[in-house]
Amino acid sequence: MREHPDGSRTPLIDASVHIFFGSNSDLGDFLPEPFKSRGFSDYEMDWYGAPGGEYAKGTQLGRGSDRIYPGSDPAVVARHLFTDRDVDVAVLHPMGRGIMPDRHLGSAVLAAINDMMVSRWLDHDRFGDRFRGTIRVNPDDIAGAVREITRWKDHPRVVQIGVPLQSRELYGKPQFWPLWEAAADAGLPVAVHTEVGEGIALPPTPSGHTRTYEQYLGFTALNYLYHLMNMIAEGVFERWPALKVVWADGAADFLTPFIWRMDTFGRPHLEQTPWAPLMPSHYLPDHVYFVQGSLDGPGDVDYAGDWLGFTGKDQMVMFGSSYPHWHNHDGSALPPALTAEQRDNVCWRTAATLYGIDVPEAVPEDISENLPIR
């Protein structure tokens, strides 16, 4: 439970916790041949390294050749989240390796990630009941992605499907429809998050590559707008009313001006999309969600609550720490101008409803003893 500055206490669901293999050899242990002997990109093979390091202080374990990735030890992550930060339930989003030229290798890597997450985290004998999982699927291999959904959809702690924000086509296009249909049939939301690893992704902006990491970080989450507007225009939510999409890398604050523009320009031309006959903004409720990060929104200003209320964002936004990345936060800096209802929605209620999480009334005993040193 989280105690807020006004003395009230609410549950806290962290809707975006990034987990990793400990090393490349660790990933190899989960891969069958012939993929085990293949080369694959590392997590940090990208063009935009954070100047101060990718991960928050205290999250990395080991030194030198013994170093393992942060977010790879369930016990350490459990202590950081459940004891140090008062998180009740953590929704895990495993990080992949980017879009690979060989779609079969890409699908094999994601299947290995899912095996790791379920066996080490969701089925953990001590902490598994406080973890929920995102199974990763490959949108470059629709048939393989549907098989992977079928493989895991009935696991009680799998709560969503994960695809990369980087894509060589917009997600509203027909080649992705079988994937969205499978997600809707499984009753699982689809989380779209920036992938780590360079892979063969397109440039992070429609006009090419940015020069600095700061530009990349500021712009890349905006790509969700292209996907979302295309999904609306192509009638994806009209075809599958049960489909829910989580834009898991922030930038909810950009929704209002862009959806206003789409409504304004689309109003006189709805006859061009008879398969999506409603105003674009009508497709947002119960379909569109966001994970609120430390980089988003107006911050500590009097109008923060009003801004969150515009376009119904206060029914869409969920707290997510982005642990263990450098910009992770613990949820203590929510704008004080939020109403109690808005704060509750962000901290836990929206995530609990979306993922079907029964937040425990009592937090288990302190788990800080007998765990590895940070």
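Along the sequence shown, residues are numbered consecutively beginning with 1. These values consider heavy atoms only, across backbone and side chains, with no hydrogens, waters or symmetry-generated copies.
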Using side chain to side chain contact (heavy atoms under 4.5 Å, CB included), reason through Trp307 and Thr256 one step at a time and then give a plain yes or no. CA-CA 9 Å; Trp307 184 250; Thr256 294; 4.1 Å; yes

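- Judged by distance alone, the side chains of His124 and Asp129 never bring a donor and an acceptor atom under 3.5 Å apart.
- Between Val89 and Asp14 there is no side-chain heavy-atom pair separated by less than 4.5 Å.
- Using a distance-only test at 3.5 Å, with no hydrogens or angles considered, no donor-acceptor pair links the side chain of Ser322 to the main chain of His325.
- In this structure, the side chain of Thr220 does not engage the main chain of Leu217 through any donor-acceptor pair within 3.5 Å.
- A 4.5 Å side-chain heavy-atom check between Asn230 and Tyr171 finds every atom pair outside the cut-off.
- Within the 4.5 Å cutoff, the side chain of Arg97 has no heavy atoms near those of the Ile113 side chain.
- Geometrically, Arg157 does not engage Phe131 in a cation-pi contact defined by less than 6.0 Å to the ring centre and at most 45° from the axis.
- Take Asp115 and apply the side chain to side chain contact (heavy atoms under 4.5 Å, CB included) test, not counting sequence neighbours, and it matches Phe30, Arg151, Trp152.
- Without hydrogens or angle criteria, His287 side chain to Leu243 main chain gives a donor-acceptor distance under 3.5 Å.
- Taking 4.5 Å as the limit, some side-chain heavy atom of Gln160 sits within range of a side-chain heavy atom of His93.
- The residues Asp314 and Arg349 are annotated as not salt-bridged, no charged nitrogen and carboxylate oxygen being separated by less than 4.0 angstrom.
- Defined by atom type and a distance below 3.5 Å, a donor-acceptor pair is present between the side-chain atoms of His80 and Tyr323.
- Across Ile232 and Ala276, no two heavy atoms sit closer than the pair O-CB, 3.4 Å.
- Here the CD-OG1 distance, from Gln342 to Thr350, works out to 10.5 Å after rounding to the nearest 0.5 Å.
- We find the CE-CG distance between Met316 and Leu354 to be 12.5 Å, quoted to the nearest 0.5 Å.
- Note that Arg239 lies in the cation-pi zone of Trp177, set by a 6.0 Å cut-off to the ring centre and a 45° limit from the axis.
- Not counting sequence neighbours, Asp300 has no partner by the salt bridge (charged side-chain N to carboxylate O under 4.0 Å, His left out) test.
- Taken together through direct or relayed side-chain contacts under 4.5 Å among Ile, Leu, Val, Met, Phe, Trp and Tyr, Trp240 and Val288 form part of one hydrophobic cluster.
- Panel note: side chain Ser72, backbone Tyr69; a donor-acceptor pair is recorded below 3.5 Å.
- Using modelled atom types, one side-chain atom of Glu195 and one backbone atom of Gly96 make a donor-acceptor pair closer than 3.5 Å.
- You'll find the side chain of Trp121 stays beyond 4.5 Å of the side chain of Pro94, heavy atoms only.
- Side-chain N/O atoms of Ser25 and Ser23 include a donor and acceptor closer than 3.5 Å.
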With side chain to side chain donor-acceptor pair (under 3.5 Å) as the test, would you mind laying out the steps for Arg343 and Ser8 before giving the verdict? CA-CA 11 Å; Arg343 183 195 61 199; Ser8 63; 3.1 Å; yes

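- Side chain to side chain, Asn114 and Glu148 meet the donor-acceptor criterion of an N or O pair below 3.5 Å.
- Proximity of Thr134 to Ile161: side-chain heavy atoms (C-beta onward) are nowhere separated by under 4.5 Å.
- Summarising the geometry of Lys313 relative to Ala252, their closest heavy-atom pair is CD-O, 3.2 Å, with the distance given to 0.1 Å.
- Side chain of Ser167 to backbone of Glu169: a donor-acceptor contact under 3.5 angstrom is found.
- Judged by distance alone, the side chain of Glu214 and the main-chain N or O of Gly218 form no donor-acceptor pair under 3.5 Å.
- Put simply, Val190 and Leu170 are part of two different groups of oily side chains (I, L, V, M, F, W, Y) that touch within less than 4.5 Å, one to the next.
- Judged by distance alone, the side chain of Thr150 and the main-chain N or O of Val146 form a donor-acceptor pair under 3.5 Å.
- Both Val118 and Leu31 belong to a single network of hydrophobic side chains, linked directly or stepwise wherever heavy atoms of I, L, V, M, F, W or Y lie under 4.5 Å apart.
- The shortest side-chain heavy-atom distance between Trp348 and Met318 does not fall under the 4.5 Å cut-off.
- Heavy atoms only, all atoms of each residue included: Gly133 and Met117 are closest at CA-SD, 3.7 Å.
- Judged purely by atom type and a 3.5 angstrom limit, Asp88 uses its side chain to pair as donor or acceptor with the backbone of Leu12.
- No hydrogens or angles considered: nothing links the side chains of Thr10 and Asp344 as a donor-acceptor pair under 3.5 Å.
- A salt bridge links Asp102 with Arg38: the closest approach of a Lys/Arg side-chain nitrogen to an acidic carboxylate oxygen falls below 4.0 angstrom.
- Counting heavy atoms from C-beta outward, Pro280 and Met229 have side chains that stay 4.5 Å or more apart.
- Remark: side-chain polar atoms of Tyr289 are not paired, donor with acceptor, to backbone N or O of Val317 under 3.5 angstrom.
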